[in-house]
Every structure is written in C-alpha cells, then in structure tokens.
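First comes the structure, then the notes that go with it.
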Amino acid sequence: MSDKQTFYITTPIYYPSDNPHIGHAYTTVAADTMTRYMKMRGFDTYFLTGTDEHGQKIQRRAAEAGKTPIEFIDPIIANFQALWKTLGIEYDDFIRTTEERHKKVAQDLFQQIYEQGDIYKSEYEGWYCTSCETFFTELQLAEGHTCPDCGKPVETMKEESYFFKMSKYADRWLQFITDNPDFIRPESRRNEMINFVKQGLDDLCVSRTTFDWGIPVPFDPKHVIYVWFDALINYISALKGTGDGTLFDKYWPADVHLVGKDIIRFHTIIWPIMLMALDIPLPKCVLGHGWVLIDSDKMSKSKGNVIDPNRLCEKYGVEAVRYFLMREMGYGQDCNYTEDLLALRINNDLANDYGNLLSRTTGMIDKFQQGIVLAPGKGTEADAELLALLGSMPEKFAALMDGMQWSNALAELWTLVNKANKYIEDAAPWALNKEGKTEELATVLYNLVEIIRLVTIMVSPVMPTIPAKVWQQLGIANQSELCGWEALTWGLFPANAKINRGEPLFPRIDLEAMVAEEPKPAPAPAAAKIAALTPECQMADFAKIDLRVVKVLDCHKVEKADKLLQFRLQLGEEERTVVSGIAKFYQPEELVGKHLILIANLQPAVIRGIESNGMLLSAEYDGKLQLLEAPDMPSGAKIV
RNA sequence: CGCGGAGUAGAGCAGCUGGCAGCUCGUCGGGCUCAUAACCCGAAGGUCGGAGGUUCAAAUCCUCCCUCCGCAACCA
C-alpha cells in the first residue's frame, strides 16, 4: 500500500443524447491536466469520467430512432471514448450509469435514505419538460405552455412520487458552506448558491413513474429513480461498486468535482445534502467553470454552431487544442472560441515563442558548438537575473496550478519563455562566437537549454506528448531523472550531451490560407425554429374558448417585474385587468387605444399580486413577438 | 431599493491587502541575423463607466448613479 496523499477528481458524467462537443472536451482536458499535474507532484491520483444514460429524453430519442436506449447510446458513448483517446485523456475509470455496479450502489443508497425516513411518498402534479428533465409549476411556464428554459412544449404529469427531504438539511448546508468557504468555487457562484438556499429549499421529487428507462426504486419497482439523483451517485458508485470496494476508502472524499456552470446547483446543493443524509463525508471542492462560447454566442445544436473537437485535433494537433483550451479559459469565466483565436494562440505562444526558442537554441548549439552542450562558466549579472526568474518559477507556477488557475499558470510560465527570447537578443551568442568568447557562449547556451528543459517539464500536464519530442532533440531521451517535478532545478543538464536538432515542434499556421478554406457553419434549418404543433383537438374544444376584441384603456409596467405589463381593458360595457409578460416587446404608452384580442373566459390567475382576467393573443417567432389586433372592430366583438 | 459579478488603449484581459496605469493581439517606426517571414527595442493609443467623498496619495477604500452579465423573481 502506498502512503502517498490521494487526489480524486471527476468530470460530470456526460449525457449521451448527442455526440461530444468542445465544451465536453474542455472539462475533460482540464481534469486530465490537473490529474497529470498532481501525479507529477507525487499524489496518488484517481480520475473518473463517464456517461449518464438514463432518463426520459434518451428513452424518447431512442424510440424516435427505432432503437432501444442501449442501441441508441452505445455508438455515441463509443464516440466519447474515442475522443478521449484522441485527446490523450488518461482516466482511471469510465462509469456508465447503466452498469450493474452503479445500479446496485444507487439502489442501496436510495434505500438507506428511505429507511431513515428522509424519503417519503407523496403526490406530484405539474408540467414537465422532457428535454430539461424538470418539472415546472403552472406559473413558471412560458407562453403557450412551453418550457421557460428551452422553449419546447411541456407535458402535464401527475405522479405518485417519492420526495427527498432537502428542506430538513438547509440549515446544515448553510453552516457547512460557511465553515468551508472554498467548497464552491469561484466565489461568485458560492454567493449565488447561498442566496438560493436562503430563500428556502423545497423537498425534491426523486422518482418517476411515467417512463421506465432508469434505475427501479428498490422497494417500489414501478418507480424509477430521478436521473439527477441517480447520476450524482456515480462519483461514489464508481469507487464502491468496483473490485472489493476499497477504492472508496482510499479515495473518498473527492478532492474536486469539475462541472460546468449550468449544473453547479445540482453539485453544490443536492449532492452535498444527499451525502449529509447518508452521513458520508462531503467532497472538498466543486469548481464551476465557464462555457466555451462560439464566436461570443452560446453553442447549441439549433444554432448550427457546434464545434467538433475531432476536426480541430486533426487539423491543428491534439497538443495545440489542449493548450488553447487551458490557456484561453479564464478562472470561472467563459471563453470565446473562433478558429482565428486558436490559430493565433498556436502561432504566437507555441510556434513563435516556445517552439522557436527550442529551434534557435539547438540551431546555435549545432552551429557554434558542433551540437554539444558545454558546461557553463561563471556567468554575468544578466545570467544571474535570468536564473533568479527561472529559480522562482516552479513555486509561482505550482501556486496557480494548485488553485486550478490553469490559464494564469500558463501565462506566468510564458513570461519565462519570453524572457529567454530576450536574453538571446541581449547576450547575442553569434557575436560571442565571432569574438571567440567561448566560455560566455557556452554559458548562454547552457542556460537556454535549462530554461527549455524546465519549461517543458512544467508544461507537460497540459501537452503530455511534447516533452518526449523535446528530450529527443536535447539528447536526453530516456533520462527520466531530468524530466520530473523534482528535476526543476538549474544545473542538472549533463555537460557534453549531444543534441539532435529536429523538426519544428509546432509548425506555423498560414492564416490567409486558413480563411480561404474554412467552411462556414451551416445555418440552422428554418423549420427548426417553428414551435412544434400541439396535438389535434376537437371543434368542441375550440368552442369553449371565448375570444373577444378589447380596447386598451390604460397600460403600465408592473413594478419590480421586468417582463410584465398591466392592462385596463374595455370589453363591451365591462372593464378588465389583465397582466401580460410582454414588457420586453412593447412600450406601455404605444398600446393605449389599440384594439386587441383577448381570451375572455380564461380562469383568472394572480400574478405578482395582481388578478389577471384573461390573456392577450400574440404571435411569436424567432425571439420576436407581435400582439394580434382588430383595429376596425368594436370592443366586445366576438372572434369566430 | 431581491442577491451577486463586471465596466481599464482598436480587441481580449491583468492590476483592485491604496504609492509614476500594465499584459497579449492589432497599428506604426527601428534593430538583430541564431531561429519556424520568427525574435528584440521603441512609438502612437486610456479623463481606469459617471458624480461625489476619505487620504499627502485612489483603477484600488466609502457613498450615490448609469450600463452589461449571471442567479432569483416574473411569463393567462
């Protein structure tokens, strides 16, 4: 048994309803980089990723494709795994929630919480979006009974369900967050979550009966476990359900759950409370990172701007793609992707600065010293200054990496690369050579080799295949004692080593040629923008709805609500108050006097404390909205 | 006055435990010749969102305001 300190890191388990994109790639590369770094620092690491395979959405997608869920997802999961291989991801385990080892643990834990009374049976009625796997109250729905998040139609559902007593743990959660200020990172997310919980937690509905693609509730098999409840358990089931279960004792609690900002709530509220209920120690940190935006826009299938990482790796190389992702994404922030930005990073940072540093250094050693790295002399003041920076770099770099500030760590490291390039200019080895100052020349070239060696060690977690190429060129291949974290000291490079100058590490990209061949992302098909048709209904159904022309007597914004307008309407002799969520589209004053169409016999609803008697008709398309008018008909006229 | 984050050179960002306003890219001029048309130096370009205040000194601390973003609320 090793007595090394352990480091357990996870990515979310990805939902295989579609193929992996660059956002998945970012999270997974980050986890891989962190794992390699911690391993280099001497930790006993464990890196888990996988797929979350249950839920109504996958069941439905599979049915549409005429396949069973497993037939549907297997090829997609193969694509995930193939991409991780391409990207050089070295995970220790890949868990699928359809595996027996996961199901068993998930069921055991569900049972345990039930037996201690924190899961109870009740009834749930509400509107459900299958796409988002989320229930909404009637009031939460968007116009036309659509999902407020994704805009797709929702379905009504009434279920006998099991509920998890989240509310019971709210105070304990707040105490935990107070005691562990680094649990949720970055801090802005932490504040957000605290704020959310302080407004009160509802019990969570954790079972479904309306479909069966999930893990059965052990004591009531007509229910399946809610997918999120099921999915979060993977972080534990992958350890407990494997081999003799000792992995759990060794690696739990997790050191880092790496997640996108969209699923922070599940990981920082629901998951910790599940663990509290189970009396299992909580993970040490949940890091919510930003999104990879495509040309400053959110990536989505309907926008047709999804980036396939495979294509980028093929075109620019895996190492460059990894470097770009880790360098461009600031701590907790979104980053922007365009092909130009990627190419600029490659040309500037990798080709011009780092790759070219190796190239010019080996070039001079070849030309001035017949390919031999000679022992350094005593050195000048400029040398000392450079070596001071070199000496302080590992500590600075480590501090940033430990804090998972990968972009800043790389930026810091590159100050050394830039300093080295300037050092060459100042020292002018070609002049030293001409003047026959062989000792000074040997010192400069030796220092450069050492800088390259140390930078290469530090950059290896991000670009793991680069070091071997550099060691080959420097003539120290297979000398592992020179290539690890403990070798980050100036002066270890063996004098009189023979170098092997080779091909450029990172070829420059011809930006102009690139522009010419770049295919523009296909625009989304127009048909996709039209909302799905509601199922057929009877004439009798339509006849129940009484539509009338109404005149707007008065209209103003509802206070403390940015979407709401309050109307006073004339319907024949009668006056009505109606609230409508169209403040984003109309100024109140421009509507006064208009003749609009109202659903006049709709059951009243209270919105923001105002009773609304009816609903104004409007048409919606592509983010725009227009009220229907009947300018020449009097108030009270019936629509037939 | 719901909570939080942000507003700094043409673009993207750092600085924000108060002490001459910085980095990368881009633009312009120069240098070098070891190197991947690379590298190095210099210049132009900012009233650090606005207005007050504290201080010998404010991008940095305090107050108010404006704008953008996230979360919440809201969507008959």
Side-chain angles (χ1 to χ4, degrees), chain A residues 136 138-146 148 186-199 261-262 264-265 288 290 296 327-328 330 332-336 340-341 344-345 347-368 407-408 411-412 414-415 417-418 420-433 441 444-445 448 501 503-510 558-565 567 577-584 598-617 620 625:
Chain A
F136 296 99
E138 182 113 17
L139 285 177
Q140 286 177 308
L141 296 179
E143 229 108 343
H145 284 147
T146 55
E187 201 182 339
S188 56
R189 299 292 167 193
R190 175 173 180 266
N191 293 335
E192 228 172 86
M193 293 304 120
I194 290 173
N195 191 30
F196 181 82
V197 172
K198 277 187 174 163
Q199 292 175 10
K261 63 183 184 182
D262 47 331
I264 286 177
R265 205 144 94 203
S296 304
R327 178 67 182 81
E328 203 71 17
Q333 296 190 302
D334 292 343
C335 84
N336 197 16
D340 283 351
L341 281 171
L344 278 174
R345 279 287 172 207
N347 279 353
N348 292 321
D349 295 7
L350 298 180
N352 297 352
D353 293 346
Y354 176 57
N356 188 44
L357 177 64
L358 174 68
S359 188
R360 61 199 304 208
T361 301
T362 53
M364 288 188 285
I365 293 169
D366 264 354
K367 202 167 271 188
F368 305 146
S407 176
N408 289 340
E412 185 66 45
W414 248 251
T415 62
V417 173
N418 293 330
N421 277 315
K422 180 172 163 54
Y423 171 69
I424 295 179
E425 210 68 28
D426 294 343
W430 46 90
L432 297 176
N433 179 57
L441 178 61
V444 170
L445 295 179
L448 288 170
R501 184 157 197 262
E503 292 298 305
L505 280 183
F506 299 97
R508 280 181 59 83
I509 292 154
D510 185 338
V558 176
E559 272 182 40
K560 293 196 225 169
D562 29 289
K563 292 185 183 173
L564 299 182
L565 290 182
F567 291 83
T577 298
V578 166
V579 176
S580 182
I582 57 170
K584 288 257 158 72
L598 181 79
I599 304 179
N601 62 338
L602 197 65
Q603 182 184 3
V606 176
I607 300 157
R608 275 269 156 194
I610 302 159
E611 185 176 279
S612 180
N613 298 282
M615 177 174 168
L616 290 165
L617 295 190
E620 190 175 19
L625 182 139

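Per chain, numbering begins at 1; letters A, B, ... match sequence-line order. Quick caveat, the model's predicted, so the values are computed rather than measured.
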Given protein heavy atoms under 4.0 Å, the one-letter contact record of nucleotides 30-37 of chain B, with B base, S sugar-phosphate only and - none, is simply -BSSBBB-
When you measure from the side chain of A/Asn348, which nucleotide among B/C25, B/A72, B/C74 comes out closest? B/C25
Dot-bracket, RNA chain B: Watson-Crick or G-U, under 3.5 angstrom, [ ] crossing, | other strand? .(((((((.[[[[.)...(..]]]].(((((.......))))).....[[[[[..)....]]]]])))))).....
Can you tell me how far C1' of B/U24 sits from CG of A/Leu341, to the nearest Å? 12 Å
Nearest-Å distance once atom P is located in both B/G42 and B/C25: 14 Å
Could you state the CG-C1' distance from A/Asp349 to B/C23, rounded to the nearest angstrom? 12 Å
How far does CG of A/Leu432 sit from CH2 of A/Trp430, to the nearest 0.5 angstrom? 9.0 Å
Could you measure between the two C1' atoms, the one in B/A6 and the one in B/A14, and give it in whole Å? 14 Å
List the protein contact pattern of nucleotides 3-15 of chain B with one symbol per nucleotide (5' to 3'): B for base contact, S for sugar-phosphate-only contact, - for none; contact means a heavy-atom distance under 4.0 Å. BS---------S-
Between B/C66 and B/G52, how far is it from one C1' atom to the other, in whole Å? 15 Å
Whole-Å distance, A/Leu448 CG to B/C40 P, equals 13 Å
Looking for any heavy atom pair under 4.0 Å, which part of the strands does A/Asn433 touch: base, sugar-phosphate only, or nothing? nothing
How many angstroms lie between atom CG of A/Leu344 and atom CG of A/Asp340, to the nearest 0.5 angstrom? 6.5 Å
List in chain and number order the residues that pass side-chain contact (heavy atoms from CB on, under 4.5 Å) with A/Ile610, two or more places apart in sequence or in another chain; answer none if no residue qualifies. A/Val558, A/Gln566, A/Thr577, A/Val579
Starting at atom CZ of A/Phe567, determine the distance to atom C1' of B/C75, rounded to an integer number of angstrom. 13 Å
Can you tell me which residue pairs pass the salt bridge (Lys or Arg N to Asp or Glu O under 4.0 Å) test with a partner in residues 348-361 of chain A, sequence neighbours excluded? A/Arg345-A/Asp349, A/Arg360-A/Glu425
Categorize A/Leu602 for me: base, sugar-phosphate, or nothing, with a 4.0 angstrom heavy-atom threshold over every strand shown. base
Can you measure A/Asn418 atom CG to B/C40 atom C1' for me and round it to whole angstrom units? 11 Å
Between B/C65 and B/G2 - P atom distance, rounded Å: 11 Å
In whole Å, what separates the C1' atom of B/C64 from that of B/C28? 43 Å
Quick one: do A/Ile264 and A/Lys261 satisfy side-chain contact (heavy atoms from CB on, under 4.5 Å)? Show the steps, please. CA-CA 5 Å; A/Ile264 286 177; A/Lys261 63 183 184 182; 4.1 Å; yes
For the CD1 atom of A/Ile599 and the CG atom of A/Asn613, what is their distance to the nearest 0.5 Å? 13.0 Å
Between B/G5 and B/U63, how far apart are the two P atoms, rounded to whole Å? 13 Å
CD of A/Glu412 to OG of A/Ser407: how many Å apart, nearest 0.5 Å? 11.5 Å
CZ of A/Arg508 to CG of A/Asn348: how many Å apart, nearest 0.5 Å? 7.5 Å
Rounding to the closest angstrom, what is the interatomic distance between B/U17 and B/G10 at atom C1'? 33 Å
Over all heavy atoms of both residues, which pair between A/Leu448 and A/Ala420 is shortest? Give the atoms and the distance, please. CD2-O, 4.0 Å
With nearest nucleotides of RNA chain B determined for A/Asp353 and A/Met193 from heavy-atom distances, which residue corresponds to the more 5′ nucleotide? A/Asp353
Is it the case that the side chain of A/Asn433 and the backbone of A/Pro429 share a donor-acceptor pair, with hydrogens and angles ignored and the cut-off at 3.5 Å? no
Could you work out, with salt bridge (Lys or Arg N to Asp or Glu O under 4.0 Å) as the rule, every residue matching A/Lys422, not counting sequence neighbours? A/Asp426
Run through A/Leu357, A/Leu358, A/Asn356 and flag the one making a side-chain contact (heavy atoms from CB on, under 4.5 Å) with A/Leu505. A/Leu358
Could you tell me how far B/C74 sits from B/A9 if I compare only their P atoms? Round to whole Å. 39 Å
